[in-house]
Amino acid sequence: MTGRVIDGVKLAATIREDVAARAAVLTTKGVKPGLAVILVGQDPASQVYVRNKVAACEKAGLHSVLEQYPADMTQEALLSRIETLNSDHRIHGILVQLPLPKHIDSHRVIETISAQKDVDGFHVSNAGLLMTGTPLFRPCTPYGVMKMLESEDVVLRGAVAVIVGASNIVGKPMAMLLQAAGATVTICNSKTRDLAWHTRHADIVVVATGKPGMVTGDMIKPGAIVIDVGINRGADGKLCGDVDYASVKEVAGAITPVPGGVGPMTIAMLLVNTIEAAERAQLLSRSR
Ligand code: GUN
């Protein structure tokens with residue numbers, strides 16, 4: 001058996017087209033949707049990610065500002081910049097690229113972003129709303145994974161889903177979204193005993209560990225859907241995921257490639273969250 005390849009580039013393009021149409025409607029109403037992206041420091045991977053995010057915004061007709069600051073920026077200066085953006089009515093979404101330099105408390109930073117502009121969905125209010133079943137913003141990567149599963153008509157009600165990786169950015173919100181859709185969810189972490197036992201029982205496996213080759217074909221149930229969230233640079237300089245693509249593809253029913261899988265979906269869902277933030281702000285301003 002050879003698994004279908006889930007094309008994230010193609011699906012992301014259709015989502016971005018929809019965002020562009022919504023952005024055009026808002027713009028005719030006098031509201032240009034705006035996203036501010038903040039990068040502190042010079043991490044090369046983060047620089048690529050933020051440039052891609054800003055470029056995708058421009059292409060979809062959203063206004064975006066990229067603010068880059070040196071690695072020794074003080075926490076106070078960053079918090080003060082966020083507060084200014086919170087009250088800037090031209091900005092509907094604020095994203096601070098993670099990880100931040102060690103001297104900055106990322107929790108403080110995330111909590112300073114207005115929950116209504118938190119297009120990453122990382123603010124505790126947004127995490128709480130997601131957990132209690134009334135999300136305002138869904139974190140972009142898990143949201144993108146849900147769209148990929150939907151596009152494949154994967155039945156989530158009653159499905160067994162195993163998530164490898166328990167981060168606040170991917171693993172935990174992924175679990176909330178899958179559980180809300182009716183799946184039975186297990187979150188595995190680096191201390192999980194016999195990881196393969198868990199993954200072998202799963203209809204859906206989502207891997208987000210940052211460790212290349214973490215999940216291999218012998219750990220997958222034949223026909224399972226495998227979603228690879230990892231983006232790593234291999235010894236050969238090429239991008240690779242957390243999943244051993246060659247062996248897993250032989251067993252899985254469907255698999256996401258790296259590159260061209262979850263990555264483009266994360267950016268597309270950031271645009272969706274930004275347009276939703278702008279649409280909400282526009283409705284609020286009309287009702288005032
Ligand atoms: N670093 C890795 N993924 C993300 C993300 O989705 N949002 C932000 N802000 N930082 C990240």
Side-chain angles (χ1 to χ4, degrees), residues 1-19 120-121 126-127 130-131 133-135 137-188 198-209 214-215 217 219-231 241-245 248-273 276:
M1 178 178 204
T2 309
R4 290 186 308 282
V5 178
I6 307 176
D7 186 345
V9 175
K10 198 165 148 199
L11 182 57
T14 63
I15 292 171
R16 294 208 316 242
E17 269 171 34
D18 179 58
V19 169
D120 261 325
N126 286 320
L130 177 64
M131 187 175 170
T134 52
F137 294 110
R138 297 158 181 86
C140 304
T141 299
Y143 195 7
V145 171
M146 293 303 283
K147 290 286 171 193
M148 291 178 119
L149 296 173
E150 199 181 293
S151 78
E152 286 290 303
D153 293 325
V154 176
V155 177
L156 298 175
R157 265 173 80 97
V160 173
V162 167
I163 299 161
V164 189
S167 70
N168 288 339
I169 296 182
V170 183
K172 289 184 212 168
M174 187 78 253
M176 291 301 129
L177 290 171
L178 286 167
Q179 192 182 43
T184 301
V185 183
T186 302
I187 312 181
C188 297
H198 290 275
T199 55
R200 271 187 213 121
H201 285 86
D203 304 308
I204 300 160
V205 180
V206 180
V207 191
T209 60
M214 180 89 188
V215 170
M219 297 166 70
I220 296 298
K221 180 166 89 170
I225 313 293
V226 180
I227 307 285
D228 190 350
V229 178
I231 304 180
D242 295 349
V243 168
D244 179 46
Y245 187 78
V248 172
K249 190 171 184 293
E250 291 308 308
V251 189
I255 183 168
T256 62
V258 178
V262 175
M265 291 301 292
T266 297
I267 296 182
M269 302 325 289
L270 171 65
L271 301 190
V272 169
N273 281 346
E276 283 180 5

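Please read these numbers as outputs of a predicted model, since none were measured by experiment. When reading the values below, keep in mind they use all heavy atoms of this one structure, side chains included, and skip hydrogens, waters and symmetry mates.
Put simply, the side chain of Ile204 reaches to within 4.5 Å of the side chain of Leu156, judged on heavy atoms. Using a 4.5 Å cut-off on side-chain heavy atoms (C-beta onward), Val162 and His201 make no contact. Using a 4.5 Å heavy-atom threshold, the side chains of Ile6 and Ile225 count as touching. Considering only heavy atoms from C-beta on, Tyr143 comes within 4.5 Å of Val272 through its side chain.
Partners of Leu177 under the side chain to side chain contact (heavy atoms under 4.5 Å, CB included) rule, at least two apart in sequence or in another chain, are Leu130, Arg138, Pro142, Met146. Taking Arg4 as the reference, Glu152 meet the salt bridge (charged side-chain N to carboxylate O under 4.0 Å, His left out) condition, with sequence neighbours excluded. For Asn126, the side-chain hydrogen bond (donor to acceptor under 3.5 Å, both in side chains) partners two or more places apart in sequence, or in a different chain, are Asp118. For Lys249, the salt bridge (charged side-chain N to carboxylate O under 4.0 Å, His left out) criterion is met by no residue, not counting sequence neighbours. Here Ile169 pairs with Leu98, Phe122, Ser167 under the side chain to side chain contact (heavy atoms under 4.5 Å, CB included) rule; sequence neighbours left out. With sequence neighbours excluded, no residue forms a side chain to side chain contact (heavy atoms under 4.5 Å, CB included) with Thr184. For Asp242, the salt bridge (charged side-chain N to carboxylate O under 4.0 Å, His left out) test picks out no residue, with sequence neighbours left out. Scanning for salt bridge (charged side-chain N to carboxylate O under 4.0 Å, His left out) contacts around Asp7 gives an empty result, with sequence neighbours left out.
Shortest non-hydrogen contact noted between Val248 and Gly217 is CG2-N, 3.6 Å. Asp228 and Gly230 make their closest contact through OD1-N, 3.1 Å (heavy atoms, listed as atom of the first residue, atom of the second, distance). The shortest non-hydrogen separation linking Leu11 to Thr14 is O-OG1, 2.8 Å. What you find for Ala252 and Val226 is that their closest heavy atoms are CB-CG2, 3.9 Å.
Checking Thr186, Thr209, Leu178 one by one against Ile163, the side-chain contact (heavy atoms from CB on, under 4.5 Å) holds for a single residue, Leu178. Thr256 pairs in a side-chain contact (heavy atoms from CB on, under 4.5 Å) with only one of the listed residues (Val206, Val243, Ile227), which is Ile227.
Within the structure, no pair that satisfies the salt bridge (charged side-chain N to carboxylate O under 4.0 Å, His left out) test touches residues 153-173, not counting sequence neighbours. The salt bridge (charged side-chain N to carboxylate O under 4.0 Å, His left out) contacts involving residues 199-208 comprise Asp203-Lys221, where partners must be two or more places apart or lie in separate chains.
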What do the steps show when you test Val258 against Tyr245 for side chain to side chain contact (heavy atoms under 4.5 Å, CB included), and what is the final call? CA-CA 9 Å; Val258 178; Tyr245 187 78; over 6 Å; no
Counting only pairs under 3.5 Å, give me each side-chain donor-acceptor contact of residues 259-271, with atom names and distances, residues two or more places apart or in other chains.
unit_1	atom_1	unit_2	atom_2	d
Thr266	OG1	Thr141	OG1	2.9
Thr266	OG1	Val262	O	3.4

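A distance of 13.0 Å separates CD of Glu250 from CD1 of Ile220, quoted to the nearest 0.5 Å.
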